[in-house]
Protein chains: 2
Amino acid sequence: MPLDEFDRAIIAVLQEDARMPVAQVAERVSLSATPVSRRIKRLEEEGIITGYQPVLDPRRLGLELDAYVLINLDAHSDANIERFEQAILDSPYVIACHAVTGDMDYLVHVVARDVEHLSQITLKSLLRIPGVRDVKSIIVLETVKAPRTLPLD
Amino acid sequence: MPLDEFDRAIIAVLQEDARMPVAQVAERVSLSATPVSRRIKRLEEEGIITGYQPVLDPRRLGLELDAYVLINLDAHSDANIERFEQAILDSPYVIACHAVTGDMDYLVHVVARDVEHLSQITLKSLLRIPGVRDVKSIIVLETVKAPRTLPLD
DNA sequence: TATGAAATAATATAGTT
DNA sequence: AACTATATTATTTCATA
């Protein structure tokens with residue numbers, strides 16, 4: 001089922017505030033509450049909206065540092081890959097990990113309390129995963145943009 | 001105000017489902033609805049919870065591709081930086097941008113409909129921003145982990 | 001100062017047209 | 001899809017620890 005303009009408008013409003021009352025969303029998209037409620041339910045059931053999350057301030061949670069770590073494996077055997085990915089899934093400070101193109105195999109997004117903590121995560125946790133050859137850290141100095149929203153055109 | 005164990009437990013539950021009824025959150029954290037409601041309000045007012053967002057499936061929105069683009073500026077004058085950052089803020093397909101350490105200046109997270117669209121964003125939009133010297137694209141092949149949650153110890 | 005229980009207010013959803 | 005009625009949920013009040 002393709003999304004129509006109302007669906008997109010509803011999603012756009014929810015990206016601003018996912019707990020806005022349905023009646024208010026309805027007003028914003030020029031519809032009444034009933035169809036908005038039903039459309040949201042449909043978007044959830046169809047897997048377009050997969051859940052709802054609070055947006056948290058990492059600093060207020062004691063997470064002052066943010067880094068992207070590029071990682072190379074020294075062999076790409078199934079065992080190596082599986083062991084690596086399991087270690088990644090088990091690390092609470094790894095908040096994202098992607099297999100990527102280029103001369104590095106993985107791009108890992110890490111959050112940490114401070115420089116020492118980041119160093120500990122990188123050196124004692126990531127670099128010690130069996131099969132990991134090389135690690136390049138890119139530390140975030142400043143966040144220019146991070147709306148956590150997707151374009152809907 | 002430091003967070004106590006109830007605050008952390010409430011945030012943890014909300015990270016699972018930010019629209020869970022307060023009474024259910026209350027049950028999960030072994031409290032009644034009243035203090036949970038008040039604590040959530042307090043977390044919002046203190047800026048620890050800054051908002052709520054739906055989690056969307058990018059593919060169902062026609063966004064099949066995901067890339068990280070490393071960018072270098074050829075001069076780091078205030079004018080160059082400001083112009084670059086404004087262009088980034090204006091690009092809907094740039095969903096995150098950080099100033100970073102290392103031999104590249106910025107790490108930009110881009111979403112795109114397909115390879116052609118990504119190419120268009122990179123070559124016609126990013127590379128043409130005045131002051132941009134070099135661009136290295138890292139294309140996401142597979143997402144191993146992306147919980148969109150923060151560790152709360 | 002923070003909680004729990006009950007009452008009230010707000011909001012969401014289902015039935016009907 | 002909208003209007004109305006019902007059900008669900010959130011918040012306020014108040015007594016208490």
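Residue numbering restarts at 1 for every chain, and letters A, B, ... go by the order of the sequence lines.
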Starting at [atom1] of [X] and ending at [atom2] of [N], how long is that distance when rounded to a whole Å?
X       : N      : atom1 : atom2 : answer
A:Met20 : D:dA10 : CE    : C1'   : 18 Å
B:Tyr52 : D:dA10 : OH    : P     : 11 Å
A:Lys41 : C:dT11 : NZ    : P     : 21 Å
A:Glu27 : C:dT11 : CD    : C1'   : 15 Å
B:Leu31 : D:dT11 : CG    : P     : 15 Å
B:Gln24 : D:dA10 : CD    : P     : 9 Å
B:Arg39 : D:dT11 : CZ    : C1'   : 17 Å
B:Arg19 : C:dA10 : CZ    : P     : 19 Å

Return whichever of A:Ala33 or B:Ser30 has its heavy-atom-nearest nucleotide of DNA chain C closer to the 5' end. B:Ser30
Show me the protein contacts with nucleotides 3-6 of chain D, counting only N or O atoms at under 3.5 Å.
unit_1: D:dC3; atom_1: N4; unit_2: A:Thr34; atom_2: OG1; d: 2.6

Supply the atom-to-atom distance A:Arg60 CZ to A:Leu56 CG, rounded to the nearest 0.5 angstrom. 11.5 Å
Donor-acceptor pair, side chain of B:Asn80 and main chain of B:Ala75, under 3.5 angstrom: yes
Should [X] and [Y] count as an ion pair when the cut-off is N to O under 4.0 Å?
X        : Y        : answer
B:Asp103 : A:Lys136 : no
A:Arg133 : A:Asp105 : no
B:Asp17  : B:Arg28  : no

Quick check on A:Glu82: does its CD atom have over 12 non-hydrogen neighbours (other residues, nucleotides or ligands) under 6.0 Å away? no
Quick check on A:Asp78: does its CG atom have over 12 non-hydrogen neighbours (other residues, nucleotides or ligands) under 6.0 Å away? no
For B:Ser37 and D:dT11, is the shortest distance between a side-chain N/O and OP1 or OP2 below 4.0 Å? yes
What's the closest nucleotide to the side chain of A:Pro21 if the choices are D:dT11, D:dT9, C:dA12? C:dA12
